[in-house]
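One structure is given here, and the rest of the page talks about it.
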Amino acid sequence: MTTYTSDFLRVLDERGLIHQVSDPEGLDALCRQGTQTAYVGYDATATSIHIGNLISLTMLYWFQETGHRPITLMGGGTSMVGDPSFRDDQRKLLTVEEIATNIESIKRVFSRILRYGDGPTDAIMANNADWLLKLNYVAFLREVGRHFSVNRMLSFDSVKLRLDREQSLSFLEFNYMIMQGYDFVELNRRYGCRLQMGGSDQWGNIINGVDLSHRMGGPQLYCLTTPLLTTASGAKMGKTANGAVWLNADVFSPYDFWQYFRNTEDADVGRFLKVFTRLPLDEIARLAALGGSEINEAKKVLATEITAIVHGREAAEAAAETARKTFEEGALATDLPTVAVPRGEIEPGLGVLSAFVKAGLVPSTGEARRQVKAGGLRVNDAVVTDERALLGLGDLTSDGVVKLSFGKKKHVLLRPE
RNA sequence: GGGGGAAUGUCCCGAGCGGCAAAGGGGGCGGACUGUAAAUCCGCUGGCUAUGCCUUCGUAGGUUCGAGUCCUACUUCCCCCA
């Protein structure tokens with residue numbers, strides 16, 4: 001299947017967002033028959049979703065753009081269990097309160113990307129806690145559980161890792177795929193949802209839902225997954241020294257977010273532009289073709305466009321400007337990430353090592369000490385050579401801050417107050 | 001049901017005669033070179049109020065001056081027999 005005739009699948013295909021489709025012809029035909037409904041499920045296991053999730057969210061965006069109705073499903077119920085897919089250990093169990101907090105926090109990003117409301121193609125926010133938590137155990141087993149074969153469940157790649165690693169897979173977690181399968185059927189009943197999308201690691205879970213619908217006498221459902229994004233040198237995307245690249249500004253600043261994409265490898269620029277931004281394909285082709293150091297221009301466009309989608313145009317421009325001042329002019333950009341320090345701590349002299357820890361640039365004074373030896377720390381652009389040096393009010397620049405740098409790229413301003 | 005084996009540095013894999021903060025990789029971070037890229041080379045890769053102190057080898061006890069290393073029980077997993 002190489003040529004799609006529906007707007008939706010054509011766009012996804014052109015942008016390299018399709019990894020696998022359960023029935024390409026069938027889905028293509030369906031998408032041409034007026035407004036359809038599709039969903040993506042999001043775990044509530046953290047206070048924010050990350051760039052891995054941004055891809056599926058982008059698919060929902062294109063789904064809506066091409067005249068359909070997207071559903072974002074919050075895993076209020078499934079997060080009580082935890083998805084064991086491709087994990088080598090059990091997740092820690094979340095409390096009901098943690099899940100509720102996470103959902104509230106996660107929701108904020110969705111409304112930037114999708115248009116919610118009551119219109120025919122307005123997005124719907126659903127929560128599987130609404131039906132999963134009410135289920136009666138035995139009734140559920142008889143109605144749904146009987147359609148699942150344990151033999152088959154054990155054959156899924158998603159649990160292989162766990163089994164091969166000789167780690168226990170609890171019955172609790174084993175139920176996850178059943179719940180997710182049931183979600184699909186339930187969303188079909190409630191909203192006529194016919195398609196579930198997700199990352200390629202969700203294929204098994206989604207297919208279970210497609211299967212379950214069959215067995216329960218429901219309509220034909222479809223599954224579409226995106227490729228797992230890796231960088232050209234093979235690393236998984238979205239990991240930094242400090243953890244994942246989150247979409248919520250309070251856990252991962254727009255500036256850091258912009259920087260993350262600014263540092264994209266040359267070989268990835270074209271692909272990332274297609275996957276993450278909404279720029280026209282001919283414009284992307286032009287940018288990706290830039291050679292040598294000119295490709296840096298394309299990286300800036302990439303960074304600004306994605307940041308604008310997630311954090312808004314204004315925040316994106318600000319991040320770009322801060323970066324320009326810092327890296328291209330070598331000037332002090334006053335809106336670099338800033339950490340406030342009580343005046344009382346600086347006045348008597350604050351140890352350089354603990355200053356870097358306070359700024360969040362290094363995790364411990366031990367690490368700071370090592371970095372001094374390696375020449376990786378700088379105060380106001382001067383390399384720190386003495387680990388016992390003290391920072392005082394005399395180190396404040398004319399802007400009243402101290403600029404701390406870790407490596408060439410990470411900068412934080414310390415502001416006494 | 002019986003017998004044998006495994007679990008190591010809270011990223012992963014993996015050595016480890018009773019003196020061990022524990023070999024070696026991978027990954028990650030920093031430096032050099034560059035273009036805030038890749039590749040390459042070099043260094044680092046438990047914590048701290050630091051010539052010392054504290055916490056780490058599945059969990060809990062025990063033997064010992066001293067235990068990752070020996071003993072006992074437990075947990076999880078693998079293999080063989082039934």
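None of these values were measured; they are calculated from a predicted model. A, B, ... follow the sequence lines: proteins, then strands. Residue 1 opens every chain. Hydrogens, waters and symmetry mates play no part in the numbers below; they use all other heavy atoms, side chains included.
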Should A:Lys408 be listed as having a side-chain N or O under 4.0 Å from OP1 or OP2 of B:A32?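 Yes, because at least one side-chain N or O of A:Lys408 sits under 4.0 Å from OP1 or OP2 of B:A32.
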
Expressed as a whole number of Å, how far does the [atom1] atom of [N] sit from that of [M]?
N: B:A21; M: B:U69; atom1: P; value: 14 Å
N: B:C53; M: B:A38; atom1: C1'; value: 45 Å
N: B:A6; M: B:C57; atom1: C1'; value: 14 Å
N: B:U8; M: B:G16; atom1: P; value: 14 Å
N: B:U45; M: B:U56; atom1: C1'; value: 16 Å
N: B:U10; M: B:G4; atom1: P; value: 33 Å
N: B:U40; M: B:A7; atom1: C1'; value: 38 Å
N: B:G19; M: B:U64; atom1: C1'; value: 12 Å

If the threshold is 4.0 Å, N to carboxylate O, is there a salt bridge linking A:Glu345 and A:Lys358?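 Result for this pair is yes, salt bridge flagged.
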
Look at A:Asp7 together with A:Arg10 and state whether they make a salt bridge at an N to O cut-off of under 4.0 Å.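 The answer is yes: the pair qualifies as a salt bridge.
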
Check the pair A:Trp62, A:Glu65 against side chain to side chain contact (heavy atoms under 4.5 Å, CB included), reporting the backbone distance first and the verdict last. CA-CA 5 Å; A:Trp62 289 116; A:Glu65 278 301 292; 4.2 Å; yes

Using atom [atom1] of [X] as one end and atom [atom2] of [N] as the other, report the distance to the nearest whole Å.
X: A:Leu290; N: B:A37; atom1: CG; atom2: C1'; result: 14 Å
X: A:Glu265; N: B:U40; atom1: CD; atom2: P; result: 12 Å
X: A:Asp268; N: B:A39; atom1: CG; atom2: P; result: 11 Å
X: A:Leu361; N: B:G30; atom1: CG; atom2: C1'; result: 13 Å
X: A:Gln371; N: B:U45; atom1: CD; atom2: P; result: 11 Å
X: A:Lys409; N: B:A32; atom1: NZ; atom2: C1'; result: 14 Å
X: A:Asn263; N: B:G35; atom1: CG; atom2: P; result: 15 Å
X: A:Tyr260; N: B:G28; atom1: OH; atom2: C1'; result: 14 Å

Hey, are [Y] and [X] close enough side-chain-wise for a donor-acceptor pair under 3.5 Å?
X: A:Asp183; Y: A:Trp131; result: yes
X: A:Asn188; Y: A:Ser213; result: no
X: A:Ser293; Y: A:Asn296; result: no
X: A:Thr121; Y: A:Arg115; result: yes

Find the partner of [N]: check Watson-Crick (N1-N3 plus N6-O4 or O6-N4) and G-U wobble (N1-O2, O6-N3) distances, both under 3.5 Å, and reply none if neither fits.
N: B:A21; answer: none
N: B:C70; answer: B:G62
N: B:A38; answer: none
N: B:C77; answer: B:G5
N: B:G27; answer: B:U45
N: B:C33; answer: none
N: B:U56; answer: none

If we check ring pair (Phe, Tyr, Trp, His ring centres under 6.0 Å) with A:His411, which of these qualifies: A:Tyr255, A:Phe327, A:Phe356?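 Looking at A:Tyr255, A:Phe327, A:Phe356, the match for A:His411 under the ring pair (Phe, Tyr, Trp, His ring centres under 6.0 Å) is A:Phe327.
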
With a 3.5 Å cut-off and heavy atoms only, can you find an N or O donor on one side and an acceptor on the other between the side chain of A:Gln259 and the base of B:U36?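 Such a pair is found, so the answer is yes.
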
Go through the structure and list residues passing side-chain hydrogen bond (donor to acceptor under 3.5 Å, both in side chains) with A:Tyr42, not counting sequence neighbours.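 For A:Tyr42, the residues satisfying side-chain hydrogen bond (donor to acceptor under 3.5 Å, both in side chains) (neighbours in sequence not counted) are A:Ser56.
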
Taking the chi torsion of B:C20, is it syn (within 90° of 0) or anti (everything else)?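 Syn.
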
Please compare A:Arg262 and A:Arg370 by the position of their nearest nucleotide in RNA chain B and report the one closer to 5'.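 Final value for this comparison: A:Arg262.
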
With a cut-off of under 6.0 Å to the ring centre and 45° to the axis, is A:Arg69 in cation-pi contact with A:Tyr191?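 No, A:Arg69 does not lie over the aromatic ring of A:Tyr191.
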
For A:Ala368 and A:Val362, which heavy atoms make the closest approach, and how far apart are they?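 In this case the closest contact between A:Ala368 and A:Val362 is CB-CG2, 3.8 Å.
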
Mind checking A:Thr264 for me? I need base, sugar-phosphate or nothing, with any heavy atom below 4.0 Å counting as a touch.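 Since only primed, P, OP1 and OP2 atoms lie under 4.0 Å of A:Thr264, the category is sugar-phosphate.
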
Under the ring pair (Phe, Tyr, Trp, His ring centres under 6.0 Å) definition, can you give me all pairs with a residue in residues 284-305 of chain A, not counting sequence neighbours?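 Applying ring pair (Phe, Tyr, Trp, His ring centres under 6.0 Å) to every pair that reaches into residues 284-305 of chain A, excluding sequence neighbours, yields nothing.
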
Atom pairs under 3.5 Å: protein N/O with N/O of nucleotides 48-52 of chain B:
residue	atom	partner	partner atom	Å
B:C48	OP1	A:Thr365	N	3.2
B:C48	OP1	A:Thr365	OG1	3.4
B:C48	OP2	A:Thr365	OG1	3.1
B:C48	OP2	A:Gly366	N	2.9
B:A50	N6	A:Arg369	NH1	2.0
B:A50	N1	A:Arg369	NH1	2.8

Of all the nucleotides listed (B:A32, B:C29, B:A37), which has the minimum atom distance to the side chain of A:Phe406?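 From the listed options, B:C29 comes nearest.
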
Residues from residues 373-385 of chain A lying under 4.0 Å of RNA chain B - heavy atoms: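 Only A:Ala374, A:Gly375, A:Gly376 qualify.
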
For RNA chain B, which residues of residues 295-321 of chain A approach it to below 4.0 angstrom with any heavy atom?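 A:Ile295, A:Asn296, A:Lys299, in order of number.
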
Which atom pairs, one a donor and one an acceptor, fall under 3.5 Å between side chains of residues 312-321 of chain A and the rest of the protein, sequence neighbours left out?
residue	atom	partner	partner atom	Å
A:Arg313	NH1	A:Glu305	OE2	3.1
A:Arg313	NH2	A:Glu305	OE1	3.3
A:Glu321	OE1	A:Arg324	NE	3.1
A:Glu321	OE2	A:Arg324	NH2	2.9

Which value, rounded to the nearest 0.5 Å, describes the distance between A:Asp395 atom CG and A:Leu390 atom CG?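 A:Asp395 atom CG to A:Leu390 atom CG measures 9.5 Å (nearest 0.5 Å).
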
